[in-house]
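So the structure is just underneath, and the comments pick up after that.
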Amino acid sequence: MKTGKPTRLSEKLNAELDEIRQEHVASISSQLKSFRIDLKNIVGAAQHTIASDTRRFQIETASMFETRLRSIRLWLTISPWLIAAMLLTGIASMMAVSFFWTVHLSRSELTEMGLTRIERPEGTWLILDPSKTRLRTCKMGERHVTCIRIEED
């Protein structure tokens, strides 16, 4: 025996379930649409961030390379002159040191031999120390010349 109530109840429940399903479908559809919009916004922001970071990196890298290239060009322009100047300075200083060392040695050597050198406008004079040197006349080959005899201790 059938009564019409369970059918009505089941129809009523099915109708309510359909209504709930449709609400959920609409809600899920709205959430999916919102999720899609949020994802698009996130992706757009990420793309913008990546593009701006890449642009800034390229600009900074190019600026750094340009600075380094300017520095290298400057050194390539200056360095040959700098090296030449250093070499010339080295050579000149060695020549000056050599000259002063030679003057010092020759003066001390003259002093040790009993001679004193005096520079005057009319000429250079050598003065003999009587305790160390004697002026003599020597024979060189067939000629007689004036010579200085150095008496060593």
Side-chain angles (χ1 to χ4, degrees), residues 14-153:
N14 282 339
E16 285 179 15
L17 280 175
D18 279 342
E19 213 176 288
I20 292 172
R21 275 188 211 123
Q22 286 176 0
E23 286 176 11
H24 282 290
V25 166
S27 172
I28 289 174
S29 174
S30 169
Q31 287 176 354
L32 283 175
K33 188 176 182 180
S34 175
F35 183 69
R36 247 185 264 121
I37 291 170
D38 288 346
L39 274 181
K40 282 182 183 179
N41 290 339
I42 291 170
V43 167
Q47 285 175 337
H48 176 72
T49 301
I50 290 170
S52 66
D53 286 351
T54 304
R55 235 180 288 114
R56 192 180 87 229
F57 174 75
Q58 287 174 337
I59 290 169
E60 287 176 5
T61 304
S63 172
M64 182 184 70
F65 280 127
E66 287 172 3
T67 303
R68 300 266 186 201
L69 280 173
R70 268 188 252 117
S71 170
I72 289 169
R73 284 185 189 126
L74 176 68
W75 277 106
L76 285 175
T77 303
I78 293 174
S79 66
W81 294 106
L82 187 63
I83 291 169
M86 288 174 57
L87 285 174
L88 287 175
T89 303
I91 291 169
S93 63
M94 293 302 253
M95 290 174 71
V97 167
S98 175
F99 172 75
F100 288 119
W101 185 250
T102 303
V103 167
H104 173 72
L105 285 180
S106 66
R107 288 195 181 188
S108 63
E109 197 172 299
L110 286 174
T111 306
E112 284 179 23
M113 291 190 303
L115 301 170
T116 305
R117 179 182 174 148
I118 299 176
E119 304 272 343
R120 298 245 170 131
E122 63 270 6
T124 302
W125 296 86
L126 284 176
I127 299 174
L128 305 176
D129 182 1
S131 65
K132 294 183 179 179
T133 58
R134 303 265 186 258
L135 191 59
R136 305 269 182 211
T137 303
C138 305
K139 189 173 181 183
M140 297 287 249
E142 297 297 320
R143 285 184 59 203
H144 288 283
V145 291
T146 306
C147 52
I148 300 172
R149 179 170 182 216
I150 299 170
E151 297 176 2
E152 298 189 29
D153 297 330

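Both backbone and side-chain heavy atoms feed into the values below; hydrogens, waters and symmetry mates do not. The model shown is predicted, which means the values in this text are computed figures rather than measured ones.
Side chain of Ser98 to main chain of Met94: no donor-acceptor pair is present (N/O by atom type, distance under 3.5 Å, no hydrogens or angles). Of the possible donor and acceptor atoms, one in the side chain of Arg134 sits under 3.5 Å from a partner among the backbone N and O of Pro130.
Atom CD of Glu122 has more than 12 heavy atoms from other residues, nucleotides or ligands within 6.0 Å. Taking a 6.0 Å sphere around CE of Met86, one finds it holds 12 or fewer heavy atoms contributed by other residues, nucleotides or ligands.
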Test log, rule side chain to side chain contact (heavy atoms under 4.5 Å, CB included), inputs Met64 and Thr67: CA-CA 5 Å; Met64 182 184 70; Thr67 303; 5.7 Å; no
Pair Gln31-Ser27, side chain to side chain contact (heavy atoms under 4.5 Å, CB included): steps then yes or no: CA-CA 6 Å; Gln31 287 176 354; Ser27 172; 3.7 Å; yes
Step-by-step side chain to side chain contact (heavy atoms under 4.5 Å, CB included) determination, Leu135 to Thr146: CA-CA 7 Å; Leu135 191 59; Thr146 306; 3.5 Å; yes
CA sep, side-chain torsions, deciding dist, call: Thr124, Ile118, side chain to side chain contact (heavy atoms under 4.5 Å, CB included): CA-CA 6 Å; Thr124 302; Ile118 299 176; over 6 Å; no
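Between the NE2 atom in His48 and the CG atom in Asn41 there is a gap of 13.5 Å [rounded to 0.5 Å]. A distance of 8.0 Å separates CZ in Arg68 from CD1 in Ile72, rounded to the nearest 0.5 Å. The line from CD of Glu66 to CZ of Arg73 is 9.0 Å long, rounded to the nearest 0.5 Å. Atom CD1 of Ile78 sits about 12.0 Å away from atom CH2 of Trp81, to the nearest 0.5 Å. The line from CG of Asp38 to NZ of Lys40 is 11.5 Å long, rounded to the nearest 0.5 Å. Residue Thr49 holds its OG1 atom at 11.5 Å from CD1 of Ile42, rounded to the nearest 0.5 Å.
Annotation for Thr89 and Ala85: closest pair OG1-O, 2.7 Å, computed over non-hydrogen atoms.
The shortest distance between side-chain heavy atoms of Leu115 and Leu128 falls below 4.5 Å. Side-chain contact check for Leu39 versus Arg36: every heavy-atom pair is 4.5 Å or farther apart.
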